[in-house]
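Below is one structure, written out as structure tokens; the observations come after it.
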Amino acid sequence: MSTPIETDVVIIGAGPVGLFAVFELGLYDLKCHLIDILDRPGGQCAELYPEKPIYDIPAWPEISGQALVDRLMEQISPFKPEFHFNRMVSGFRKLDNGRFEVETDEGELLHCHAVVIAAGGGSFQPKRPPVPGIEVYEGTSVFYSVRRMEEFRGKDLLIVGGGDSALDWTLNLQPVAKSVTLVHRRPDFRAAPDSVNKMFAMREEGKINFQVGQVTGLKGEDGQLSAAMVKGPDGDIDIACDRMLPFFGLTMKLGPIADWGLNQHENLIAVDTEKFETSIPGVFAIGDINWYPGKLKLILSGFHEAALMTQAAARLARPDTKMVFQYTTSSTSLQKKLGVQ
Amino acid sequence: MTKITLVAFDGTRFDVDAENGSTVMENAIRNSVPGIEAECGGACACATCHVYVDDAWTDKVGTPEPMEEDMLDFAYDVRPTSRLSCQIKVRSELDGLVVHVPERQA
Ligand SMILES: Cc1cc2nc3c(=O)[nH]c(=O)nc-3n(C[C@H](O)[C@H](O)[C@H](O)COP(=O)(O)OP(=O)(O)OC[C@H]3O[C@@H](n4cnc5c(N)ncnc54)[C@H](O)[C@@H]3O)c2cc1C
Ligand code: FES
């Protein structure tokens with residue numbers, strides 16, 4: 001068991017709302033750790049629409065999803081938040097001393113005064129491709145990520161997709177696997193041009209196969225894959241394989257949060273509109289994950305929720321400190337914290 | 001107003017009066033056409049508003065932009081007539097347009 005990390009607040013989810021919560025909490029001297037299953041900050045803005053413009057962020061007539069995330073990261077940097085990426089929060093419990101213990105799927109423990117759930121639409125998980133009957137093969141022959149490359153040693157591997165993951169794993173697993181076939185529905189790719197060029201070069205050398213087409217079905221008994229049926233430009237073909245790695249992007253699933261015993265409203269966590277506290281005192285929920293009458297899933301609503309939640313979290317974490325309301329424009333003590341004094 | 005027809009997978013036809021400038025997806029949602037999910041609300045970020053443009057209309061409707069083509073990678077049973085309905089804007093020339101909803105969305 002690892003030694004628990006001691007901090008003030010643990011924020012579950014590093015989407016725009018979780019990020020802005022660092023700022024609000026930071027003004028009250030609360031130190032934050034953020035945990036996210038993604039490998040970088042930004043939640044939906046970074047994962048689903050980095051290049052698309054948002055038009056309803058106050059005072060930003062137009063800003064792209066990624067630019068918003070970059071700005072937030074800059075804004076919160078004075079508070080030195082600590083990030084734990086590629087980790088899913090599996091659960092939390094209340095300790096005897098009144099603090100909380102948050103646990104990740106990698107077994108890390110964090111102790112804190114308050115838990116802020118900013119989990120948006122849930123954790124990002126690989127999308128299951130629309131191939132009938134694929135469930136039977138999952139975990140035995142079909143995998144959505146590569147945990148250890150060794151698991152593919154000596155295998156006839158089929159990789160499906162046209163993005164960076166598909167291309168990167170085609171290149172990386174080629175030396176390990178017995179054979180690699182990449183299947184994509186068209187000869188153009190979303191992936192970085194450099195990897196695409198490398199892939200085509202490998203095909204020239206006869207090291208991998210590339211087939212244009214869409215997987216329509218799978219063959220093999222007892223979850224052991226033997227071939228994939230592929231609809232290509234020249235008709236249907238079977239491609240022999242015993243492992244398949246489909247990369248069809250990410251989708252959001254509520255995940256373990258559903259089992260945390262919090263009051264819910266249609267898969268969202270019910271909160272009050274004074275503190276944005278859940279049915280467990282000391283556990284808050286802000287952003288897309290929460291529900292209250294009139295809730296709107298907007299970034300700006302999440303920012304407001306972060307500010308109000310902070311008042312309650314600060315009272316909880318610093319019961320002996322008098323809460324003073326101050327403006328960042330005029331308060332020298334706030335400016336010192338922001339590093340502008 | 002422009003008349004467009006959405007044909008659900010079971011063959012049910014939805015004839016709707018669509019406002020010019022609106023998207024085919026928006027009209028599908030407003031008229032509860034089954035099989036159009038449009039999870040991302042029309043941002044070309046989910047591929048759950050996939051349709052097949054009727055063969056008679058493919059030239060008039062046109063081909064997808066690169067971003068839409070990328071998104072179509074995530075759709076099910078993509079064909080040469082595939083489009084994301086949130087990326088088709090209704091305009092007068094499309095009066096009479098017919099699109100078909102696929103068996104399933106991704
Ligand atoms: C295409 C599109 C366009 C949009 N346009 C706008 C717009 O114009 N204006 C606007 O205001 N809003 C817009 N939105 C909505 C906006 O993106 C969301 O309201 C916002 O992202 C919510 O932020 P969040 O921080 O609450 O959650 P999210 O951005 O969903 O982030 C939550 C994070 O928590 C992580 N997470 C969840 N559970 C766990 C767990 N158990 N362990 C670890 N990590 C976990 C997830 O991986 C994710 O990174 C749009 C959304 C989409 C999809
Ligand atoms: S509605 Fe999501 S891509 Fe069209």
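Just so you know, these numbers come straight off a predicted model, no measurement behind them.
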Checklist line | Aromatic Phe210(A) / basic Arg203(A) pairing, under 6.0 angstrom, 45° off normal | finding: no
Item checked: Part of Pro132(A) lying under 4.5 Å from any heavy atom of chain B -> both
Note to self: With chain B as the partner, which of Glu51(A), Arg186(A), Arg128(A), Gln44(A) has the greatest number of non-hydrogen pairs under 4.5 Å?
What the structure shows: Arg186(A)
Margin query: Looking at chain A, which one of Ala43(B), Cys46(B), Ala47(B) has the largest number of heavy-atom pairs inside 4.5 Å, strictly under?
Written below: Ala43(B)
Next item on the list: Work out which heavy atom in Ala285(A) is nearest to a heavy atom in Ile269(A); give both atom names and the distance.
Entry: CB-CG2, 4.0 Å
Item checked: Least distance between heavy atoms, Ala28(B) atom then Leu6(B) atom -> CB-CD2, 3.9 Å
Note to self: Is Tyr49(A) close to chain B through its backbone or its side chain, or both, or neither, when contacts mean heavy atoms under 4.5 Å?
What the structure shows: neither
Notebook entry, point to check: Counting N and O atoms only, with roles assigned by atom type, does the side chain of Ser195(A) sit under 3.5 Å from a partner on the main chain of Leu167(A), one being a donor and the other an acceptor?
Noted result: no
